[in-house]
Amino acid sequence: EVQLVESGGGLVQAGGSLRLSCAASGFTFEPYRDYAIGWYRQAPGKEREGISCIRNYDGITYYSDSVKGRFTISSDNAKNMVYLQMNSLEPTDTAVYYCAAEVRPVSCKAVAYFNNWGQGAQVTVSS
């Protein structure tokens with residue numbers, strides 16, 4: 001069973017930085033394994049959106065236009081951890097951030113195809 005646990009959310013002023021962490025269990029980040037793992041967010045009254053994702057099977061790293069150049073996704077394969085470094089945060093980045101993973105080939109933007117989700121971490125950016 002895949003389990004994902006996020007940490008690192010909080011309150012920050014506009015222009016500040018936060019780093020989110022996701023601890024994954026139930027599968028390992030091995031070179032031959034097909035998986036996608038990434039970060040999604042949902043603001044009040046809005047749909048959940050994919051913001052950054054790593055696809056192991058083809059080496060693609062995805063960023064949405066809204067975070068490109070400000071956020072960086074990385075992984076520590078030995079620790080089964082994925083991180084999201086968020087810089088130059090804006091009030092519009094306020095949302096609950098979720099780690100999601102799927103152990104099969106899926107598009108990073110296909111939120112509905114991810115069946116494994118963490119509990120979410122609140123990120124609030126004040127102006």
- Decide yes or no on side-chain contact (heavy atoms from CB on, under 4.5 Å) for F71 and N87, but give the supporting numbers first. CA-CA 6 Å; F71 292 11; N87 298 330; 6.0 Å; no
- Query: If you measure from OG on S74 to CD on Q85, what distance do you get to the nearest 0.5 Å?
  - Reply: 8.0 Å
- Task: Inspect the surroundings of CD in E47 and state if more than 12 heavy atoms from other residues, nucleotides or ligands are less than 6.0 Å away.
- Result: no
- Close side-chain approach of I54 to Y62, heavy-atom, < 4.5 Å: no
- Message: With heavy-atom distances below 4.5 Å as the criterion, would you say the side chains of W39 and L20 are in contact?
- Response: yes
- Message: Testing the basics here: between R41 and D93, what is the closest heavy-atom pair and its distance to 0.1 Å?
- Response: NH1-OD1, 2.9 Å
- Query: Looking at G118 and E6, what are the two nearest heavy atoms and their distance?
  - Reply: CA-OE2, 3.3 Å
- Message: Using the rule that Ile, Leu, Val, Met, Phe, Trp and Tyr join whenever any side-chain heavy atoms are under 4.5 Å apart, tell me whether V96 and V12 fall into a single cluster.
- Response: no
- Message: Checking C53 against T61 for the side-chain contact (heavy atoms from CB on, under 4.5 Å) test, could you report, in this order, the C-alpha distance in whole Å, the side-chain angles of both residues, the deciding distance, and whether it holds?
- Response: CA-CA 6 Å; C53 174; T61 301; over 6 Å; no
- Item | Verdict with reasoning, R19 to Y83, per side-chain hydrogen bond (donor to acceptor under 3.5 Å, both in side chains) | CA-CA 7 Å; R19 189 175 85 150; Y83 306 97; 4.9 Å; no
- E90 CD to S66 OG distance, which is reported to the nearest 0.5 Å: 9.0 Å
- Item | Ring centers of W117, Y40 separated by less than 6.0 Å | yes
- Any side-chain heavy atom of V125 within less than 4.5 Å of one from Q13? no
- Student check: side-chain heavy atoms of S25 and E1 closer than 4.5 Å: no
- Q119 and L4 have their tightest heavy-atom pair at OE1-O, 3.8 Å
- Query: What heavy-atom pair brings G50 and S64 nearest, and what distance separates the two atoms?
  - Reply: O-CB, 3.5 Å
- Query: Same cluster or not: are V106 and V103 linked, directly or through other Ile, Leu, Val, Met, Phe, Trp or Tyr residues, by side-chain heavy atoms under 4.5 angstrom apart?
  - Reply: no
- Message: Are I73 and Y98 linked, directly or through intermediate hydrophobic residues, by side-chain heavy-atom contacts shorter than 4.5 Å (ILVMFWY only)?
- Response: no
- Are the side chains of C99 and I37 in touch, meaning some heavy atoms are under 4.5 Å apart? yes
- Note on the structure: CD of E102 to CG of N115, rounded to nearest 0.5 Å, is 4.5 Å
- Task: Locate the shortest heavy-atom distance separating S21 from M81; write the atom from each residue and the value.
- Result: CB-CE, 3.8 Å
- Look at the side-chain heavy atoms of Ile, Leu, Val, Met, Phe, Trp and Tyr, link any pair under 4.5 Å apart, and say whether V111 and Y113 land in one connected group. yes
- Message: For residues Y97 and V82: do they belong to one hydrophobic cluster (side chain heavy atoms under 4.5 Å, members Ile, Leu, Val, Met, Phe, Trp, Tyr)?
- Response: yes
- Mind checking the OG-CG spacing from S75 to N80? Nearest 0.5 Å is all I need. 9.5 Å
- Message: For L18 versus G8, what's the shortest heavy-atom pair and its separation?
- Response: CD2-O, 4.0 Å
- Message: Within the structure provided, determine whether Y63 and I51 are in side-chain contact (heavy-atom separation under 4.5 Å).
- Response: no
- Give a yes-or-no answer on whether the side chains of Q122 and T124 include a donor-acceptor pair shorter than 3.5 Å. yes
- Item | Check: N56 side chain, A36 main-chain N or O, donor-acceptor pair, under 3.5 Å | no
- Message: Under 4.0 Å between a side-chain nitrogen and a carboxylate oxygen: does that hold for D34 and R55?
- Response: no
- ring-ring contact (aromatic ring centres under 6.0 Å, His included), paired with Y35, selected from F114, F27, Y57: F27
